Chemist: 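My questions will all concern the structure given below.
This one's a predicted model, so the numbers in the text were calculated from it and none came from an experiment. Every chain is numbered from 1, with letters handed out A, B, ... down the list of sequences. The basis for the numbers below is simple: all heavy atoms, side chains too, and nothing from hydrogens, waters or symmetry mates.
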Amino acid sequence: MSRRNELNPRQLEAVEHYEGPLLILAGAGSGKTRVLIERIVYMIEEKRVRPWNILAVTFTNKAAKEMKMRIEKQLGPDAKNVWMSTFHSFCLRVLRRHAEVLNYDKNFVVYDTTDQRTVVKKILKAMGLSDKVYKPQSILYHIDRAKNHGLTVEDFASDGDYFLQKVKEVFIAYQAELKKNQAMDFGDLIVSVLRLFGKAPEVLSEYQNQFHYILVDEYQDTNKSQYTLIKLLCDKWHNICVVGDDDQSIYKFRGAEIQNILDFQIDYPNAKMIRLEQNYRSTQNILSAANAVIRGNDKRMGKELWTENGTGDLIKVYTGHADRDEAHYVCAMIKSYQEEYSLGEMAIFYRTNAQSRSLEDELRKQKINYRIFGGIKFYDRAEIKNIMAYLKSLVNPADSIAVKRILNVPLRGIGKTTVGKIDDVATQQDKSFWDVLCSIGSPELDLNISAAATSKIQEFVQLLKDLNKARAELSLDDFLPHLYDKTGYWQMLVDEKTIESESRKENLTELGNVIDDYLSDSEDANLEAFLDQISLASDVDRLDESPEFVNLMTVHLAKGLEFPVVFLVGMEEGLFPHSRSIDNPEDIEEERRLCYVGMTRAKKKLHMSFVHERRLFGTVQYQIVSRFMDELPSEHTSLLGELEAPTPKPRYSEQRYVSKKPFTTRKKVAPRGGSEREIDYEYAQTDQQPFKRGARVSHAVFGAGKITHIEGGGDKMKVTVEFTQGMTKKLLMKHANLKFMS
DNA sequence: GCCCGGTCGATTTTT
DNA sequence: TCGACCGGGC
C-alpha cells in the first residue's frame, strides 16, 4: 500500500519526477528520507524499474540500513536487490570484484586512521625525517586531501614547495607500503575505483549500463572524487537524483565540497530543482531563529523553513558565570522536564568533545543517566583493535601492521629489537613481515635472534596457522571465543584484575554480540565480509534509541538526528565558532551552518547557553558570547529569568531584569574581519543590594537559599549560598542574578 | 623487554 | 587538565 497520498505537493513532485537530473534541496526536517524511499518505491512499483538497476548512495551505514529496511517493508524481499550502500562500501564491493586489475589481492584490507598514522611514522623513520617537523597528522592531511580531490600520487604537485616535496616523497613510500601490505585507506577506496574505471573502461560501462537510476543522499557532503565517481556512473542514463542541503554542509575539513551542490545545475544543465521547505520536526520559533542565523551566510542557495507545527516555546537562553554553572543549569532543566519527557528524548550538544567533562561531572553528581557518543570509539579501543588485528592477520597475513600489532600481545617476550631486525630483513629481501616470521629458525636465515625469541616466534607462527585451521572448521560465532582462548588474550585480562580489564572483557563480549548480529542479518556470512563491514562501520551506526539516558554528543554527530529537548551549550566565541575558524570567513560560514544544524535538531524545546569563564586545558579562559547568539532575533528567545525557573519555582513574582537581551549589547569596534575585535560587554545587572550574611535569596535555577558567606567587593564580590534543595554554591554576585526574598 | 616519568600538545571526524 | 609518546633506567 502506497502512502504517497500523505505527501505534500513538493514532496510528491520529487517522488514522481522520473527521468533526467534532479536536485532536491531538502531543508532540515523536511522529510527527505521519506521522499527518497517513496521515490524508489514509486520507480519499482509504478515504473517497473528493476531493483538492481537502482543505486542509492548514503553517507552512513545507519542511513543505508534504515532506508533498506523501510523499502523492504513496502516492497518485500525484492527491495534487497536495490544497490543501497555508502560510498565506501559501494567502492569496496566493486574493488573486491576487480582488484586484480589494479594488481591488488582480493583479500586486501582497509586501513583506518590509526593504521595510516603507523605507516607514515614508519616511513618518516626510514627516511630519517623528524616527526616534529613532518607531523604525521599534517602529512596525512595532504595525502587525504589529494585523494579527496581524486588525485593519485603522480598527480600530487609540490609547486616547488620544499615541505610539499617531502610530503610527496612520503606519499610515494606510503602508497608502496600499503600496496605491500595489501591494504587501502578510506580515500584509496574511492580513488581506486576511479583508477579502475580509467584502466578498464569495459568495467565502467558494465556499471554504467547497470545503474539506470542513481540517487545520492547528503550531496552537500560529497568530495571531489565522490563527485567524479557519480558523474562517471550516471554518464549513460543521466538519471541522477541528488538530495542535500547546502546549509547543512559541515564536513569541509574532510574534503566535502559545498560547491558540488551549489553547481549541480551547472553540471547538469537541464536539471530540475525542487525545494522542500516545509518542516515537520520543529516549532516555528525554533525555525525562525535558525533561519535568522543561517541568513548570515553569503554562499547559499537560499531557503526558509516553515512549519504548521505551531509557534511553540521561545528558545531559552541561559548565561552563567562558569562552565560548572552551565552544567548545573542543564541538569536542573533536565530534571524539570523529566515528567514530560524521557531522558532519551533529551540531548546535549557541544562543539568539542572536551566540553563533555563538566557536564558529565554534574550529571553524575545529580544521578542523571547519560550516554556519550563519539570520543573513544568502540572500534578504536585497544582490545577490539587487537582482536581485529588477529582476525585481519588470518585473512591477510601481508598486513604487517596487523601482524606486528599482535606479535607481542599478550606479552610473549618478543620485543622492539627483534621486531626491528625482522623488519630490516623484510625490507632488504622485499618480503612481507609475515613471510620473514615464517622462515625464522631455518638455517639459511641468520638474524642473530636469541634462541628464546626464536622459539617464541615459531610458537606465534604456529598459533596463527592453527587458528586459520580452526577458522575453516568453526562457525564465526564459535570461532571468536576459540580465538580469545587460544591466543591467551582473555586469560591476560582475567589475570589483570583491574577495573579496566573488566571493561575490556565486556567489550570483547560485546564484539561477540556484534558478530551474532552480523550473522543474523547476512546470508553469506564469513570472516572476510565481517571485517569489511567492521572496517567501514562507525560509532553512530551503533546508536540506538534508549529512553533511559540523556544523549551527549558533538554537534557534528547530531546531524541527521532529532530530539524533543535540545541543549546547545558553550555558545562562546572561540568555542563556537571555534578559534581555528575565526579569521577565515569561509570557515565561519561552516561554523554557522553547524550552529544551524544543532538548532534544527530540536523538536519542541531548544536551549542555548554560554558562560563567562570556562576551564580549558587546565587554565581559565574568559569567554565572550558567540556572535551566533547575536543573530537570534529577540522575539524568539527568552532569557533565563523571564522564564519559569525549574524546580522549585521561586516564590517571588517581580522580575528585575532591565534589559531584555543583555548579552547582545556589545559594540563592534572593528566591524568586519578585524582580527582584534574590541568588544564591550555588558551583563544583566541586578540592583546593588546590601547583601549580608543570613539574607534569604533566590536563584533562578537553584531556587531559594540563604547566604552563608561573603567575600570580595564590587565586581569581584562572591557569596556562598546554601540552597534549600541541599547544595551549596559559591557565586559571583555580578553574574548570579540573585533576588532578595523578604 | 618493560616500566615509569617527563614533555608536548590539544577541533569537528558520516567512511 | 589529561592523554599519548618517547627515552632512560632497571
Chemist: By the ring pair (Phe, Tyr, Trp, His ring centres under 6.0 Å) test, which pairs, at least two apart or in different chains, include something from residues 111-130 of chain A?
Modeler: none
Chemist: Does any residue of residues 404-414 of chain A have a heavy atom under 4.0 Å from DNA chain B, and if so, which ones, in number order?
Modeler: A/N408, A/L411, A/G413, A/I414
Chemist: Between B/dT11 and A/R351, counting only base atoms on the nucleotide and side-chain atoms on the residue, is there a donor-acceptor pair under 3.5 Å?
Modeler: no
Chemist: Within the 4.0 Å limit for protein heavy atoms, which parts of nucleotides 2-8 of chain C are touched? Write it as a string from 5' to 3', B for base, S for sugar-phosphate only, - for none.
Modeler: S--SS--
Chemist: Please set out all donor-acceptor pairs under 3.5 angstrom arising from side-chain atoms of residues 146-153 of chain A, sequence neighbours excluded.
Modeler:
| unit_1 | atom_1 | unit_2 | atom_2 | d |
| --- | --- | --- | --- | --- |
| A/K147 | NZ | A/Q175 | OE1 | 2.7 |
| A/K147 | NZ | A/D185 | OD1 | 3.2 |
| A/K147 | NZ | A/D185 | OD2 | 2.6 |
| A/K147 | NZ | A/D188 | OD1 | 2.8 |
| A/K147 | NZ | A/D188 | OD2 | 3.3 |
| A/N148 | OD1 | A/N223 | ND2 | 3.2 |
| A/N148 | ND2 | A/D144 | O | 3.3 |
| A/N148 | ND2 | A/R254 | O | 3.0 |
| A/H149 | ND1 | A/R145 | O | 2.9 |
| A/H149 | NE2 | A/E257 | OE2 | 3.4 |
| A/T152 | OG1 | A/E154 | OE1 | 3.1 |
| A/T152 | OG1 | A/D155 | OD2 | 2.9 |

Chemist: Whole angstroms only, please: what is the CD1-P distance between A/I250 and B/dT14?
Modeler: 10 Å
Chemist: Tell me the side chain to side chain donor-acceptor pair (under 3.5 Å) pairs involving residues 407-421 of chain A, sequence neighbours left out?
Modeler: A/Y390-A/R412
Chemist: Can you tell me if A/N353 touches the phosphate of B/dT11, counting only side-chain N or O atoms and a distance under 4.0 Å to OP1 or OP2?
Modeler: no
Chemist: So is the aromatic ring of A/F253 stacked onto the base of B/dT13, judging by whether the centres are under 5.5 Å apart and the planes are under 30° apart?
Modeler: no
Chemist: In whole angstrom, give the distance that lies between atom CD of A/Q137 and atom C1' of B/dG9.
Modeler: 10 Å
Chemist: Between B/dT14 atom P and A/L189 atom CG, what is the distance in whole Å?
Modeler: 16 Å
Chemist: So A/F253 and A/Y251, would you call those rings parallel, tilted or perpendicular, with 30° and 60° as cut-offs?
Modeler: tilted
Chemist: Who passes salt bridge (charged side-chain N to carboxylate O under 4.0 Å, His left out) against A/E591, sequence neighbours left out?
Modeler: A/R351
Chemist: Just to be sure I understand the rule, does A/E591 reach a base, reach only the sugar-phosphate, or reach nothing, if contact means heavy atoms closer than 4.0 Å?
Modeler: base
Chemist: For A/D517, check side-chain contact (heavy atoms from CB on, under 4.5 Å) against everything at least two apart and list the hits.
Modeler: none
Chemist: Are the side chains of A/Q220 and A/E218 in touch, meaning some heavy atoms are under 4.5 Å apart?
Modeler: yes
Chemist: Apply side-chain contact (heavy atoms from CB on, under 4.5 Å) to the pair A/C595 and A/F576, showing each step before the final yes or no.
Modeler: CA-CA 8 Å; A/C595 179; A/F576 202 178; 3.7 Å; yes
Chemist: What do you reckon, do A/H578 and the base of B/dT11 stack, with centroid distance below 5.5 Å and planes below 30°?
Modeler: yes
Chemist: In whole angstrom, what separates A/Y350's OH from B/dT11's C1'?
Modeler: 13 Å
Chemist: Round to the nearest Å and state the distance from A/F349 atom CZ to B/dT12 atom C1'.
Modeler: 15 Å
Chemist: Please classify the nucleic acid contact of A/T619 as base, sugar-phosphate, or nothing, using heavy-atom distances under 4.0 Å.
Modeler: nothing
Chemist: Does A/K404 have any side-chain contact (heavy atoms from CB on, under 4.5 Å) partners at least two apart in sequence or in another chain, and if so, which?
Modeler: A/K122, A/S400, A/V419, A/D423, A/F433
Chemist: Please state how far atom NE2 in A/H556 lies from atom C1' in B/dT11, giving the value in whole angstrom units.
Modeler: 8 Å
Chemist: Strictly by salt bridge (charged side-chain N to carboxylate O under 4.0 Å, His left out), give each pair with a member in residues 82-95 of chain A just once, sequence neighbours left out.
Modeler: none
Chemist: Taking only the side-chain heavy atoms of A/S581 (C-beta and beyond), determine which of C/dT1, B/dT13, B/dT11 contains the nearest atom.
Modeler: B/dT11
Chemist: Measure the distance from CG on A/L561 to P on B/dT14 and round it to the nearest whole Å.
Modeler: 12 Å
Chemist: Taking OP1 and OP2 of B/dT13, is either one under 4.0 Å from a side-chain nitrogen or oxygen of A/T113?
Modeler: no
Chemist: Expressed as a whole number of angstroms, how long is the span from A/Y379:OH to B/dT14:P?
Modeler: 13 Å
Chemist: Describe the nucleic acid contact of A/F87 in one word from base, sugar-phosphate, nothing, applying a heavy-atom distance below 4.0 Å.
Modeler: nothing
